[in-house]
*Asks:* 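Dropping the structure in here first, questions after.
For this chain, numbers begin at 1 and follow the sequence in order. The analysis underlying the following values was restricted to heavy atoms, covering all of them including side chains, and did not include hydrogens, waters or symmetry mates.
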Amino acid sequence: MVYNREILAYNENNVYREDQLIESALQSADLVLLEGFKDSRWPKAEILREGEPSVSREPMALISDWGWEGGLPHYTRNDVEGIARMIQETLHLVPPSDEHDEFGKDERENDGN
């Protein structure tokens with residue numbers, strides 16, 4: 001169920017292809033975020049829990065609550081501003097920046113820095 005103070009959407013027992021979801025959503029939206037679709041061709045950020053392996057093909061970023069030592073940008077789950085900026089940069093809505101680090105903005109805030 002999805003609710004945005006004006007619209008309540010509920011659907012049950014229907015199977016949609018990702019292209020159907022996106023086509024339908026883009027009629028009234030500027031941005032579509034899908035959950036799942038790890039094997040899709042669309043850009044993706046993967047959310048990992050500690051100890052889980054990455055399963056997405058070529059994610060553009062990782063989101064987790066533990067340090068990541070790979071070559072991908074990494075954000076903590078609470079770094080909403082950093083994740084939003086990454087999405088904006090991916091869509092070329094804002095110029096790229098080097099402000100995020102491997103542990104995300106909220107980790108620096110928690111350290112008092």
Side-chain angles (χ1 to χ4, degrees):
M1 187 175 299
V2 178
Y3 174 69
N4 75 357
R5 295 188 182 189
E6 296 174 11
I7 299 171
L8 175 66
Y10 174 79
N11 202 348
E12 187 175 313
N13 295 326
N14 287 314
V15 177
Y16 295 98
R17 293 186 326 261
E18 66 187 80
D19 59 331
Q20 290 174 311
L21 291 170
I22 293 169
E23 182 180 329
S24 175
L26 284 177
Q27 293 177 16
S28 61
D30 296 324
L31 172 67
V32 177
L33 297 176
L34 297 173
E35 193 278 327
F37 301 100
K38 289 178 174 44
D39 293 325
S40 75
R41 63 184 172 90
W42 303 103
K44 62 192 68 60
E46 185 171 5
I47 300 172
L48 292 177
R49 298 189 195 282
E50 190 165 4
E52 289 182 346
S54 176
V55 294
S56 292
R57 278 190 293 171
E58 302 179 22
M60 62 183 177
L62 292 175
I63 301 167
S64 70
D65 288 332
W66 48 278
W68 176 260
E69 305 227 355
L72 295 172
H74 175 262
Y75 302 87
T76 60
R77 292 171 37 155
N78 294 327
D79 187 5
V80 176
E81 289 178 20
I83 295 167
R85 177 134 184 115
M86 178 262 302
I87 292 169
Q88 291 174 320
E89 289 174 5
T90 300
L91 297 173
H92 307 288
L93 301 175
V94 297
S97 73
D98 294 325
E99 293 182 14
H100 62 276
D101 63 23
E102 70 180 272
F103 297 109
K105 179 181 174 190
D106 64 315
E107 288 292 322
R108 291 189 302 272
E109 288 175 352
N110 290 340
D111 291 341
N113 297 328

*Asks:* Under a single-linkage definition using a 4.5 Å side-chain heavy-atom cutoff for Ile, Leu, Val, Met, Phe, Trp and Tyr, are Y75 and L93 assigned to the same hydrophobic cluster?
*Replies:*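 Shared cluster, yes.
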*Asks:* Has E23 got more than 12 heavy atoms of other residues, nucleotides or ligands less than 6.0 Å from its CD?
*Replies:*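 Incorrect, the count does not exceed 12.
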*Asks:* Below 4.0 angstrom, N of the basic side chain to O of the carboxylate: do E89 and R85 qualify?
*Replies:*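 Yes, this pair counts.
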*Asks:* Do I83 and L91 land in one hydrophobic cluster if side-chain heavy atoms of ILVMFWY residues count as linked below 4.5 Å?
*Replies:*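 Yes: a chain of side-chain contacts under 4.5 Å links I83 to L91.
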*Asks:* Within this structure, what is the CD1-CZ distance for the pair I63 and R49, rounded to the nearest 0.5 Å?
*Replies:*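 One gets 12.5 Å once the value is rounded to the nearest 0.5 Å.
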*Asks:* Using side-chain heavy atoms (C-beta onward) and a distance below 4.5 Å, is P73 in contact with M60?
*Replies:*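 P73 vs M60: side chains apart.
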*Asks:* Measure the spacing between CG of L62 and CG of L48 and express it to the nearest 0.5 Å.
*Replies:*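 Between L62 CG and L48 CG, I get 5.0 Å after rounding to 0.5 Å.
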*Asks:* Find the distance between CE (M86) and CG (D79) and round it off to the nearest 0.5 Å.
*Replies:*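 Here the rounded value is 9.5 Å.
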*Asks:* For the atom pair CD1 (I47) and CG (D65), what is the distance rounded to the nearest 0.5 Å?
*Replies:*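 If I round to the nearest 0.5 Å, the distance is 10.0 Å.
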